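Quick notes on the structure that follows.
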2 protein chains.
Amino acid sequence: MLKIAKSVEYALLALKYIHERQDLDCVSTKVISDSVVIPYELLAKIMQRLVKDEIIISQQGTKGGYKLAVPPDKINITRIINAVEQKVQVTDCLVETPTLNDCKRYQDCCLRNPLNQIQIKINKLFDELTLGEIIQYN
Amino acid sequence: MLKIAKSVEYALLALKYIHERQDLDCVSTKVISDSVVIPYELLAKIMQRLVKDEIIISQQGTKGGYKLAVPPDKINITRIINAVEQKVQVTDCLVETPTLNDCKRYQDCCLRNPLNQIQIKINKLFDELTLGEIIQYN
DNA sequence: TCATATACGACTTAAAAAGTCCGATATAAA
DNA sequence: TTTATATCGGACTTTTTAAGTCGTATATGA
Ligand code: SF4
Ligand code: SF4
């Protein structure tokens with residue numbers, strides 16, 4: 001339990017690869033997919049979401065690809081998680097406006113508050129960790 | 001992502017219920033299952049695991065059931081997570097002895113160290129949170 | 001105008017989590 | 001001593017979610 005989605009890992013690995021190839025004008029999904037070994041179609045979708053959140057800039061057509069829109073130090077992990085449409089959600093009830101459909105217990109559950117505190121602290125960990133700090137390894 | 005297993009929540013809710021009924025000699029799975037609204041068979045399995053880890057004591061036969069083996073302040077959430085056979089595992093590679101089967105990248109992955117740091121911090125949150133702190137709510 | 005790239009949505013498959021079933025043993029009370 | 005009610009333990013099925021795939025459209029440099 002408490003696993004991070006592969007799409008988040010793939011996004012981080014791809015962003016690291018792009019950063020390492022700053023010398024090039026841009027890097028295509030194909031090249032990243034082959035180098036980092038990520039399923040092409042899956043990575044393509046992830047790249048598009050990173051574009052939508054303006055973490056990377058796309059260049060369409062032949063010789064197209066992606067380059068970083070922002071220096072790695074300016075991007076935290078929370079932003080990447082949001083970009084790839086993932087959510088840190090420790091329980092079913094920890095959504096903006098919970099309903100009985102999320103969890104029948106949410107109105108008087110003694111777990112909700114303490115687990116929300118855990119979630120807040122986990123969110124803080126991702127807020128304070130930047131892409132820059134991650135790609136400095138290896 | 002990063003969701004806590006329902007079996008952990010059920011364990012916590014059941015333990016809270018047992019604690020509230022300290023006056024009784026012991027509480028049966030049936031009673032807990034009906035009161036807290038947890039599928040009977042599923043809860044039964046969870047109770048057995050809590051017995052195995054000596055968090056609760058079982059009384060078999062008619063008029064049987066369970067009672068707490070330890071005061072709630074002395075039980076932290078990590079122990080309950082372990083008892084119900086769940087693991088905090090942020091990535092596929094964060095196991096005792098990772099192999100290429102866990103993740104083909106584990107030998108030179110820049111994510112492994114930073115994500116392990118996250119996992120260590122999450123584990124610390126569960127280490128420092130006791131059942132006693134949770135059941136004081138409501 | 002052609003080859004190679006991104007863009008976007010729908011779909012399928014695989015893995016994990018949640019829930020169920022079954023046959024056994026234990027024990028208090030009738 | 002029989003019966004009803006409980007725990008015990010494993011195997012199994014179902015449901016849900018995550019991961020991965022496919023198809024078609026559009027952009028653009030050579
Ligand atoms: S209300 Fe309680 S049981 Fe339901 S999802 Fe939230 S924490 Fe879990
Ligand atoms: S090695 Fe890297 S990519 Fe593989 S599971 Fe670990 S962190 Fe994720």
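Every chain is numbered from 1, with letters handed out A, B, ... down the list of sequences. Quick caveat: nothing in here was measured; it's all calculated off a predicted structure.
- Rounded to a whole Å, the CD atom of A/Gln48 is 17 Å from the P atom of D/dC22.
- No side-chain heavy atom of B/Ile46 sits less than 4.5 Å from a side-chain heavy atom of B/Ile38.
- Listed by chain and number, the residues in a side chain to side chain contact (heavy atoms under 4.5 Å, CB included) with A/Lys104 are B/Val37 (sequence neighbours excluded).
- Listed by chain and number, the hydrophobic cluster partners of A/Tyr106 are A/Leu100, where partners are ILVMFWY side chains within reach of under 4.5 Å, directly or through others.
- For A/Glu133, the salt bridge (charged side-chain N to carboxylate O under 4.0 Å, His left out) criterion is met by no residue, not counting sequence neighbours.
- Under the side chain to side chain contact (heavy atoms under 4.5 Å, CB included) criterion, A/Lys63 pairs with no residue, sequence neighbours left out.
- The side chain to side chain contact (heavy atoms under 4.5 Å, CB included) test applied to A/Asp25 returns no partner, not counting sequence neighbours.
- Contact between the side-chain N/O atoms of B/Tyr40 and the OP1/OP2 oxygens of D/dT7 is found at a separation under 4.0 Å.
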Write out a two-atom table: protein N or O, nucleotide N or O from nucleotides 24-30 of chain D, distance below 3.5 Å.
from   : atom 1 : to      : atom 2 : distance (Å)
D/dA27 : O4'    : A/Gln60 : OE1    : 2.8
D/dA27 : O3'    : A/Gln60 : OE1    : 3.3
D/dT28 : O2     : A/Thr62 : N      : 3.4
D/dT28 : O2     : A/Thr62 : OG1    : 3.2

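- Considering only side-chain N and O atoms, A/Ser7 lies nowhere under 4.0 angstrom from the phosphate OP1 or OP2 of D/dA18.
- The stretch residues 23-36 of chain B touches DNA chain D through B/Ser28, B/Thr29, each having a heavy atom within less than 4.0 Å of the strand.
- Near-neighbour residues of DNA chain D inside residues 75-98 of chain B, defined by a heavy atom below 4.0 Å, are absent.
- In this structure, CG of B/Leu50 is placed 11 Å from P of D/dC8, rounded to the nearest angstrom.
- Contact annotation: side chain of A/Lys45 to base of D/dT21, donor-acceptor pair present below 3.5 Å.
- Residue pairs meeting the salt bridge (charged side-chain N to carboxylate O under 4.0 Å, His left out) criterion with at least one member in residues 28-50 of chain B, sequence neighbours excluded, are B/Lys30-B/Asp34, B/Arg49-B/Glu85.
- Atom CD1 in A/Ile4 sits about 13 Å away from atom P in D/dA18, given to the nearest Å.
- If you take CD1 of B/Ile46 and P of D/dC8, they are 14 Å apart, rounded to a whole angstrom.
- Residue whose closest nucleotide on DNA chain C sits further toward the 5' end, between A/Gly64 and A/Lys52: A/Gly64.
- The two atoms that bring B/Gln119 and B/Val90 nearest to each other are OE1-N, 2.7 Å, heavy atoms only.
- Taking every heavy atom of both residues into account, A/Tyr66 and A/Val51 meet most closely at CE2-CG2, 3.4 Å.
- Nucleic acid contact class of A/Ala5 (heavy atoms, under 4.0 Å, all strands): sugar-phosphate only.
- Within a 6.0 Å sphere centred on CD of B/Gln136, heavy atoms belonging to other residues, nucleotides or ligands number more than 12.
- A donor-acceptor pair under 3.5 Å is formed between the side chain of A/Arg79 and the backbone N or O of A/Asp53.
- Here A/Lys67 pairs with nothing under the salt bridge (charged side-chain N to carboxylate O under 4.0 Å, His left out) rule; sequence neighbours left out.
- Take B/Ser35 and apply the side chain to side chain contact (heavy atoms under 4.5 Å, CB included) test, not counting sequence neighbours, and it matches B/Tyr17, B/Val31.
- Scanning all heavy atoms of the two residues, the minimum distance from A/Ile32 to A/Met47 falls at CD1-CE, 3.7 Å.
- Nucleotides of DNA chain C with any atom under 4.0 Å from a heavy atom of chain B span, from 5' to 3', C/dA18 to C/dA28.
- Regarding A/Glu41, its CD atom lies at a distance of 17 Å from the C1' atom of D/dA18, rounded to whole Å.
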